[in-house]
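Excluded from the calculations below are hydrogen atoms, water molecules and symmetry mates; all remaining heavy atoms, backbone and side chain alike, are included. Keep in mind it's a predicted model, so treat the numbers as computed, not measured.
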Amino acid sequence: MSDAAKPARRPHAQAREEAISELIDIATEEFVEKGLAGARIDEIAGKSTKRKIYYYFGGKDELYRAVLERAYRRVRSSENKVDIDSGTATEALRRLIEHDVHYHSEHPELVRLVMNENIHRAGHLQQIEGVRESNHDVIDLLAKLIARGESEGSFRPGIDPIELHMNMTALAFYNVSNQFTFSHNFGIDMSSDAAVERRAKQVGDIILAWVTQRD
């Protein structure tokens with residue numbers, strides 16, 4: 001084969017990033033299914049190689065933290081892509097709220113990982129450098145929306161952006177965290193596209209009623 005016909009070699013940095021991403025993909029499935037305590041390096045390595053895991057991460061705890069960090073980074077990144085500039089503050093906030101409901105439903109691994117990390121009292125999250133600061137991106141975003149809504153006269157004064165985020169996340173989270181028990185107990189579908197779309201609009205109505213209510 002001539003040099004011109006040979007496939008181009010990937011740069012070392014690109015190959016490294018691809019290997020790390022593949023390992024995190026595999027590990028995410030294992031940690032979501034079995035939690036940190038139940039997950040086994042051998043099971044993860046069966047779909048990859050143990051040598052790569054220890055080379056790139058050092059061990060199971062470090063791999064778990066990489067999985068957790070990526071899950072948080074992805075949800076924050078997705079929120080930053082929502083259009084919050086066009087229309088009124090009320091319209092922008094609804095777009096963000098509905099996005100969060102859809103995102104959680106489309107990424108149940110985030111919900112399972114957060115539930116598992118709460119069992120560990122955020123012990124591993126506390127060891128991830130910069131994750132607390134990066135999670136504040138959504139608080140800064142909401143603070144800007146709140147200020148805009150107040151200046152437009154549509155939002156009541158005094159809304160705390162952290163409390164707003166808490167309420168949004170709680171309602172988006174529940175549709176995934178409790179979908180099996182709630183569906184069984186009350187016989188309703190919580191996972192179909194139509195059900196998620198309906199829930200997203202309901203959560204938007206609930207949150208907007210709270211931020212626009214007047215004494």
Next item on the list: Count the heavy atoms belonging to other residues, nucleotides or ligands that lie under 6.0 Å from CG of N118, then report whether that count exceeds 12.
Entry: yes
Between the CZ atom in F173 and the CE atom in M168, the distance rounded to the nearest 0.5 Å is 14.5 Å
_Tell me if a side-chain donor or acceptor on H184 pairs with a main-chain N or O of F180 at a distance below 3.5 Å._
no
Heavy-atom nearest pair, E150 first then P157, reads OE2-CA, 3.4 Å
ask   = Within a reach of under 6.0 Å around CD of E33, are more than 12 heavy atoms found that belong to other residues, nucleotides or ligands?
value = no
Closest non-hydrogen contact found for P161 with L142 is O-CD1, 3.7 Å
Contacts of E117 meeting side chain to side chain contact (heavy atoms under 4.5 Å, CB included) (sequence neighbours excluded), chain-then-number -> Y64, L68, H120, A122, H124, L125
The reported gap from CD in Q213 to CZ in R156 (rounded to nearest 0.5 angstrom) is 5.0 Å
Notebook entry, point to check: Can you check whether L208's main-chain N or O pairs, donor with acceptor, with T212's side chain at less than 3.5 Å?
Noted result: yes
Open item on the list: So R74 and Y103, do their side chains get closer than 4.5 Å, heavy atoms only?
Closed with: yes
Side chain to side chain contact (heavy atoms under 4.5 Å, CB included), that's the test. Do I206 and I97 meet it? Break it down for me. CA-CA 10 Å; I206 292 167; I97 293 166; over 6 Å; no
Interatomic distance, CD1@I207 vs OG1@T90, rounded to 0.5 Å, equals 13.0 Å
Between L113 and Y72, is a side chain to side chain contact (heavy atoms under 4.5 Å, CB included) present by the stated rule, with each step listed?
CA-CA 10 Å; L113 288 166; Y72 272 105; over 6 Å; no
(message) Determine whether a donor-acceptor pair (N or O, by modelled atom type, separation under 3.5 Å) exists between the side chain of S78 and the backbone of V75.
(response) yes
In terms of heavy-atom contacts, R148 and G87 come closest through NH2-O, 2.7 Å
In short, side-chain hydrogen bond (donor to acceptor under 3.5 Å, both in side chains) pairs touching residues 132-142 with sequence neighbours left out are R76-N135
*Flag the pair Y56 / R16 as yes when at least one side-chain heavy-atom distance between them is below 4.5 Å, and no otherwise.*
yes
So CD of Q179 and CD1 of I188: to nearest 0.5 Å the spacing works out to 10.5 Å
What one should report as the nearest heavy-atom pair of A200 and E98 is O-CG, 3.5 Å
- Task: Evaluate the side chain to side chain contact (heavy atoms under 4.5 Å, CB included) criterion for residues V176 and H107: first the C-alpha distance (whole Å), next the side-chain angles of each, then the deciding distance (0.1 Å), finally the verdict.
- Result: CA-CA 9 Å; V176 180; H107 296 84; over 6 Å; no
One should read off an interatomic distance between I24 CD1 and F31 CZ, to the nearest 0.5 angstrom, of 10.5 Å
Count I, L, V, M, F, W, Y as connected when their side-chain heavy atoms are under 4.5 Å apart, and connections chain through other members. Are L110 and M190 then in the same cluster? no
Can you see whether S86 engages D83 through a side-chain donor-acceptor pair at a distance of less than 3.5 angstrom? yes
In this structure, CG of D42 is separated from CD of E30 (nearest 0.5 Å) by 10.0 Å
field: Working for side chain to side chain contact (heavy atoms under 4.5 Å, CB included), residues R112 and E109
entry: CA-CA 5 Å; R112 310 298 176 203; E109 73 280 2; 5.7 Å; no
Is the backbone of G149 close enough, under 3.5 Å, to the side chain of S154 for a donor and an acceptor to pair up by distance?
-> yes
Salt-bridged, K201 to E197, with N to O below 4.0 Å? yes
Margin query: Donor-acceptor pair, distance only, cut-off 3.5 Å: does the side chain of T169 make one with the backbone of M166?
Written below: no
task = For T181 and N178, indicate whether the former's side chain and the latter's backbone hold a donor-acceptor pair under 3.5 Å.
result = yes
Salt bridge flag under 4.0 Å for residues E91 and R95: no
Side chain to side chain contact (heavy atoms under 4.5 Å, CB included) with T28: of I44, V67, L63, only one passes, and it is V67
Could you state whether I119 and V114 fall into the same hydrophobic cluster, counting links through intermediate Ile, Leu, Val, Met, Phe, Trp or Tyr residues with side-chain heavy atoms under 4.5 angstrom apart? no
Checklist line | Trace of the salt bridge (Lys or Arg N to Asp or Glu O under 4.0 Å) decision for D193 with R198 | finding: CA-CA 9 Å; D193 290 345; R198 184 170 62 252; over 6 Å; no
| said: With a 3.5 Å distance limit and no angle check, can you tell me whether E62 reaches the backbone of G59 through a side-chain donor-acceptor pair? | reply: yes
Query raised in the report: Can L171 be reached from V82 by stepping across I, L, V, M, F, W or Y side chains whose heavy atoms are under 4.5 Å apart?
Result: yes
Tell me, do I139 and H165 make a side-chain contact under 4.5 Å, heavy atoms counted?
-> yes
task: Look at the side chain of E152 and the backbone N and O of A89, then say whether any donor-acceptor pair between them is shorter than 3.5 Å.
output: yes
Original post:
Do V196 and S191 come within less than 4.5 Å of each other through their side chains, counting heavy atoms only?
Top reply: no
- Query: In terms of hydrophobic clustering (I, L, V, M, F, W, Y; side-chain heavy atoms under 4.5 Å; direct or indirect links), are I26 and I20 co-clustered?
  - Reply: yes
Do E69 and R65 make a side-chain contact, defined as non-hydrogen atoms from C-beta onward lying under 4.5 Å apart?
no
Between K60 and L36, the two heavy atoms sitting closest are NZ-O, 2.9 Å
Verify, without hydrogens or angle tests, whether E43 (side chain) and A39 (backbone) share a donor-acceptor contact under 3.5 angstrom.
no
**Asked** Hey, is D189 close enough to R199 for a salt bridge, meaning N to O under 4.0 Å?
**Response** no
Same cluster or not: Y174 versus L164, using hydrophobic residues (I, L, V, M, F, W, Y) connected whenever any side-chain heavy atoms lie under 4.5 Å apart? no
Checklist line | Exceeds 12 heavy-atom contacts within 6.0 angstrom, atom NZ of K144 | finding: no
